[in-house]
Amino acid sequence: MPFEQPRPTWDEYFLMLAKLAATRSSCLAFPVGAVIVKNKQVLATGYNGPPTGAAHCTDQGYCYPGLSSCDASKIMPSRAVHAEANAIAQAAKHGILTDGSSIYVTLEPCLSCLKLIISAGIKEVFYETSFNSGESLLIRDSFVKDGLVTLKEIHLSEITAQRATTFLLKPTSVAKDNRVR
């Protein structure tokens, strides 16, 4: 029996897609990616950046004049539309129903995005990095306790990450022997 590399779990697969979406982010503070999934099929993707048509922070080198990034000010709101909101907006723009779906994000949703996720009928949130703290945790946990959404922190295994790196850096569709396709 030939040795085969282990395939990523479904959670790892969708988290990797969210991480790839994050590479499109033009936010100087937090590059974030999101993928909405239902029945193991991708419905929509999103990443954080300014509203469509606005200048990208990475292109202009700042979020606001005099501020290197949006998190440098306690007063000015972020210019970015969050990755989760962009994914939900993309689904809506293309008439894709999100009711009963799941979302994979590279950063735990803020409370505003979590409320949007719940209102869009998304039932499960899988995230890589924690974000909420303090009083935000109380509100987040009340949504979970009320059965509105489930949250689960997930990570890539070292083997999956190494294999993905190989796939990204080298051609993947090259025959290893004389197999016929």
Side-chain angles (χ1 to χ4, degrees), residues 6-38 40 42-51 56-58 62-63 67-74 76-91 98 101-120 122-145 148-169:
R7 296 189 326 164
T9 65
W10 284 108
D11 286 344
E12 289 177 318
Y13 173 70
F14 293 124
L15 179 58
M16 285 191 291
L17 293 178
K19 289 170 85 68
L20 284 174
T23 67
R24 292 282 307 152
S25 172
S26 61
C27 180
L28 296 169
F30 292 104
V32 180
V35 177
I36 301 174
V37 174
K38 187 171 184 177
K40 298 181 182 167
V42 173
L43 302 181
T45 64
Y47 51 88
N48 58 333
H56 290 280
C57 298
T58 51
Y62 57 85
C63 295
L67 289 180
S68 59
S69 69
C70 292
D71 63 347
S73 171
K74 301 294 180 208
M76 300 292 285
S78 172
R79 290 182 69 240
V81 177
H82 290 185
E84 306 91 326
N86 267 327
I88 291 167
Q90 284 300 311
T98 57
S101 63
S102 302
I103 191 166
Y104 289 79
V105 290
T106 58
L107 183 66
E108 177 187 8
C110 68
L111 291 181
S112 293
C113 285
L114 189 57
K115 292 185 285 185
L116 182 60
I117 286 166
I118 292 166
S119 293
I122 298 171
K123 299 298 181 191
E124 299 175 305
V125 177
F126 298 90
Y127 63 92
E128 180 181 45
T129 303
S130 295
F131 176 74
N132 291 301
S133 61
E135 292 178 352
S136 293
L137 289 174
L138 297 173
I139 298 167
R140 180 201 72 182
D141 292 347
S142 73
F143 294 148
V144 172
K145 184 179 175 226
L148 302 176
V149 68
T150 62
L151 297 162
K152 183 178 180 186
E153 187 172 344
I154 60 172
H155 301 282
L156 296 179
S157 70
E158 188 70 28
I159 288 176
T160 297
Q162 288 174 351
R163 188 161 186 242
T165 300
T166 301
F167 272 60
L168 289 170
L169 295 175

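- Contact annotation: the side chain of Asn132 never approaches that of Leu114 to less than 4.5 Å [non-hydrogen atoms, C-beta and beyond].
- The two atoms that bring Ala87 and Ala44 nearest to each other are O-CB, 3.5 Å, heavy atoms only.
- Using a 30° and 60° split on the angle between ring planes, Trp10 and Phe14 fall in the parallel class, below 30°.
- Residues Leu17 and Tyr104 form no side-chain contact, since every pair of their non-hydrogen atoms from C-beta on lies 4.5 Å or further apart.
- Between Thr106 and Thr129 the shortest side-chain heavy-atom distance does not fall below 4.5 Å.
- At a threshold of 4.5 Å between non-hydrogen side-chain atoms, the residues Arg140 and Leu111 count as touching.
- Atoms CD and CD1, from Glu128 and Ile154 in turn, are 8.0 Å apart once rounded to the nearest 0.5 Å.
- Nearest heavy atoms, Val105 versus Ala34: CG1-CB, 3.5 Å.
- Between the side chain of Ser119 and the backbone N or O of Leu116 there is no donor-acceptor pair closer than 3.5 Å.
- Heavy-atom neighbours of Arg163 CZ from other residues, nucleotides or ligands within 6.0 Å: above the threshold of 12.
- In this structure, the side chains of Thr160 and Tyr13 stay at 4.5 Å or more apart for every pair of heavy atoms.
- Scanning both residues, Ile122 and Ser101, for their nearest heavy atoms gives CG1-OG, 3.3 Å.
- Remark: side-chain polar atoms of Ser25 are paired, donor with acceptor, to backbone N or O of Asn48 under 3.5 angstrom.
- Contact annotation: the side chain of Ile117 approaches that of Ile88 to within less than 4.5 Å [non-hydrogen atoms, C-beta and beyond].
- Glu108 places a side-chain N or O within donor-acceptor distance of the main-chain N or O of Phe131, the cut-off being under 3.5 Å.
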What's the verdict on side-chain contact (heavy atoms from CB on, under 4.5 Å) for Leu156 and Lys19, showing C-alpha distance, side-chain angles and the deciding distance?
CA-CA 11 Å; Leu156 296 179; Lys19 289 170 85 68; 4.1 Å; yes

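- The two atoms that bring Gly49 and Ser26 nearest to each other are CA-OG, 3.8 Å, heavy atoms only.
- Checked by atom type and distance alone, the side chain of Asn86 never pairs as donor or acceptor with a backbone atom of Thr45 at under 3.5 Å.
- With hydrogens and angles disregarded, a donor-acceptor distance shorter than 3.5 Å links the side chain of Glu12 to the backbone of Ser157.
- The minimum heavy-atom distance between Ala22 and Gly33, with the atom names listed, is CB-N, 3.4 Å.
- The two residues Val35 and Ala18 come nearest to each other via the heavy atoms CG2-N, 3.4 Å.
- Going from atom CG of Leu168 over to atom CG of Leu20 covers 6.0 Å, rounded to the nearest 0.5 Å.
- Using a 4.5 Å cut-off on side-chain heavy atoms (C-beta onward), Asp11 and Lys152 make contact.
- Annotation: the span from His155 atom NE2 to Phe126 atom CZ amounts to 13.0 Å, rounded to 0.5 Å.
- His56 contributes atom NE2, which lies 9.0 Å from atom CZ of Arg79 (distance to the nearest 0.5 angstrom).
- Atom CG of Leu148 sits in a crowded spot, with more than 12 heavy atoms from other residues, nucleotides or ligands closer than 6.0 Å.
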